[in-house]
Amino acid sequence: MIDPKLLRQSAADVAANLARRGFVFDADGYLALEERRKSLQVETERLQSERNASAKSIGKAKARGEDIEPLLDAVKQMGERLEANEAALQTVQAELRDVELGLPNLIADDVPVGDTEDDNVEVRRWGEPADPGFEARDHIELGERLGQLDFDAASRISGARFAVMTGPLARLQRALIQFMLDTHTTDHGYVETYVPYLVKPPALIGTGQLPKFEEDQFKTTDEPPFYLIPTAEVPVTNLARETIFDAESLPIRYAAHTPCFRSEAGSHGQDTRGMIRQHQFEKVELVHFVAPDTSMDALEELTGHAEAVLQKLELPYRVITLCSGDTGFGSAKTYDIEVWLAGQQRYREISSCSNCNDFQARRMQARRRNPETGKPELIHTLNGSGVAAGRALIAVMENYQEADGSIRIPEVLKPYMGGLEKIVP
RNA sequence: GGAGAGAUGGCUGAGUGGUCGAAAGCGCUCCCCUGCUAAGGGAGUAAGGGUUAAAAGCCCUUCGAGGGUUCGAAUCCCUCUCUCUCCGCCA
């Protein structure tokens with residue numbers, strides 16, 4: 001959520017910023033609504049104050065043993081007016097909140113302006129895509145030749161956009177997850193967490209998936225409403241919900257492995273083949289809670305932690321800054337990391353690292369105590385994949401393949417594979 | 001699933017219709033005193049919001065959540081959520 005004070009004072013500036021995303025913010029409409037809120041709230045609070053004073057004086061009169069009947073008559077009239085005002089105020093405030101919850105985060109100033117992914121800007125590259133000396137297969141062909149990746153079975157069980165893996169390939173994904181968690185906890189100082197996979201609406205509102213992106217979520221039951229998490233970002237970031245951190249307890253860094261569930265509504269026809277875009281996939285997620293003003297530095301660190309995973313796996317990648325139009329709803333600035341896929345001969349997203357500054361913190365009232373003033377203030381939250389396990393598996397398969405279709409095990413994963421050197425058909 | 005108990009400020013914990021946003025204690029902050037390793041005295045110490053350019057001040061809201069009764073609710077009524085204890089069931 002954008003600071004309502006900023007919206008009131010600088011609605012036009014906010015509209016100009018959001019326009020960089022291609023988002024249209026009706027500043028005049030908002031200000032008109034805000035004007036109504038103000039007059040209603042001032043009047044309502046005046047009436048409440050009046051009522052409180054009267055009630056108090058009645059209490060005092062009664063304590064003195066006086067006749068309170070005339071006082072009661074005078075006060076009774078107020079009730080209806082107050083009630084009507086309170087109801088009207090509530091309506092307007094709900095309308096304002098709806099608007100505010102629907103606004104994406106402000107874009108950071110250094111984010112390149114653009115409309116689509118074509119306007120994203122490459123920041124750096126690491127590693128060289130190797131020439132295998134033969135025509136590289138994609139992970140679908142590799143997996144099926146190994147007999148360890150079965151999309152037919154998956155579709156019989158669950159339909160499109162699911163995968164079944166067996167044997168060493170299934171273990172390879174687990175190895176990747178363990179390796180990533182170990183790297184982040186041991187090398188990068190993250191605290192491993194285990195969190196719920198089913199969450200209630202307020203959690204999704206907190207991170208920004210609701211109310212706007214309901215159709216992207218898998219809803220399980222209506223009563224109580226439970227949603228499958230689309231990313232561990234949701235439960236992990238909500239660990240900060242309605243808490244005030246001691247100043248010295250920040251930064252906090254959490255790492256979590258969870259499955260992720262996405263309806264992929266609106267992406268029909270995209271990546272229908274293979275494991276790139278699934279309804280269910282595994283991911284290791286990194287989340288930071290930091291003091292305001294330090295979040296841009298934290299974003300660089302966070303991105304570096306995700307990169308470290310790919311470097312250890314010796315997978316070539318590039319880092320890009322998402323342009324304004326491609327940056328996610330809650331993010332002020334996002335780096336995507338794209339890994340080289342030999343079978344596709346292109347870079348594909350494997351991690352997305354975002355600085356949400358106070359956008360999510362405001363929605364979930366996540367605060368810290370300011371060491372100077374002693375007053376609570378909103379913290380900044382960041383999240384990033386470190387990294388998507390399903391896609392990391394694809395990257396290992398395609399980049400470590402041999403001419404006969406076997407897959408070499410990356411050096412760092414061997415301990416997790418019981419010393420296995422390669423997966424063979 | 002059955003039976004019961006509970007949810008109050010950073011913590012413990014009082015408060016069953018009227019100066020209660022809330023006693024007391026602990027903790028914390030500041031000041032004073034004391035030459036001694038610990039103690040004494042005093043003051044302050046919830047959050048959200050409105051008003052304001054901002055602050056101060058003033059006002060509103062909040063005692064798990066949502067409704068209701070009432071001039072007035074932490075206190076009474078209803079619904080829900082969560083926690084704890086016992087029984088049953090269970091990975």
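Everything quoted here is computed from the prediction, not taken from an experiment. Letters A, B, ... are given to chains in the order of the sequence lines, protein chains preceding strands, and every chain is numbered from 1.
Distances shorter than 4.0 Å separate some side-chain N or O of A/R369 from OP1 or OP2 on B/A47. Considering only side-chain N and O atoms, A/N52 lies under 4.0 angstrom from the phosphate OP1 or OP2 of B/U61. Look at A/R97 and you won't find any side-chain N or O under 4.0 angstrom from OP1 or OP2 of B/G49. Side-chain N/O atoms of A/R367 include one lying less than 4.0 angstrom from OP1 or OP2 on B/G48. For the pair A/Q48 and B/G50, the criterion of a side-chain N or O lying under 4.0 Å from OP1 or OP2 is not met. Look at A/S54 and you won't find any side-chain N or O under 4.0 angstrom from OP1 or OP2 of B/C71.
Between A/E43 and A/R81, at least one side-chain N (NZ, or NE/NH1/NH2) sits under 4.0 Å from a carboxylate O, which counts as a salt bridge.
Atom P of B/U37 sits at a distance of 23 Å from the matching atom of B/C30, rounded to the whole Å. Rounded to whole Å, the C1' atom of B/A23 lies 28 Å from the corresponding atom of B/C77. Comparing the C1' positions of B/G57 and B/A5 gives an interatomic distance of 46 Å, to the nearest angstrom. Between the C1' atoms of B/A46 and B/G42, the separation comes to 23 Å (whole Å). Using P as the reference atom, B/U62 and B/A3 are 34 Å apart when rounded to the nearest Å.
Across all strands shown, A/K56 has no heavy atoms under 4.0 Å from either base or sugar-phosphate atoms. When heavy atoms are screened at a 4.0 angstrom cut-off, A/R51 is found touching the sugar-phosphate backbone but no base atom. Contacts of A/R362 with the nucleic acid, taken as non-hydrogen atoms under 4.0 Å apart, are absent.
Between A/Y335 and A/E300, the side chains place a donor N or O and an acceptor N or O closer than 3.5 Å (distance only, hydrogens not considered). A/Y227 and A/E214 share a donor-acceptor pair across their side chains, judged by distance under 3.5 Å alone.
In this structure, of B/G48, B/G18, B/A54, it is B/A54 that holds the atom nearest to the side chain of A/Q9. For A/K38, taking side-chain heavy atoms from C-beta onward, the closest of the listed nucleotides B/C71, B/C59, B/U51 is B/U51. Side-chain proximity of A/Q41 to B/G50, B/U19, B/A47: nearest is B/G50.
With both pairing distances under 3.5 Å, B/A7 is matched to B/U81 as a Watson-Crick or G-U wobble pair.
Atom CD of A/Q90 and atom P of B/C60 are 18 Å apart (whole Å). A/Q93 has its CD atom 13 Å from the P atom of B/U61, to the nearest Å.
Aromatic rings of A/F218 and A/H279 (six-membered ring for Trp) have centroids within the 6.0 Å cut-off, being under it.
When side chains are defined from C-beta on, A/R273 counts as touching A/D138, because their heavy atoms get closer than 4.5 Å.
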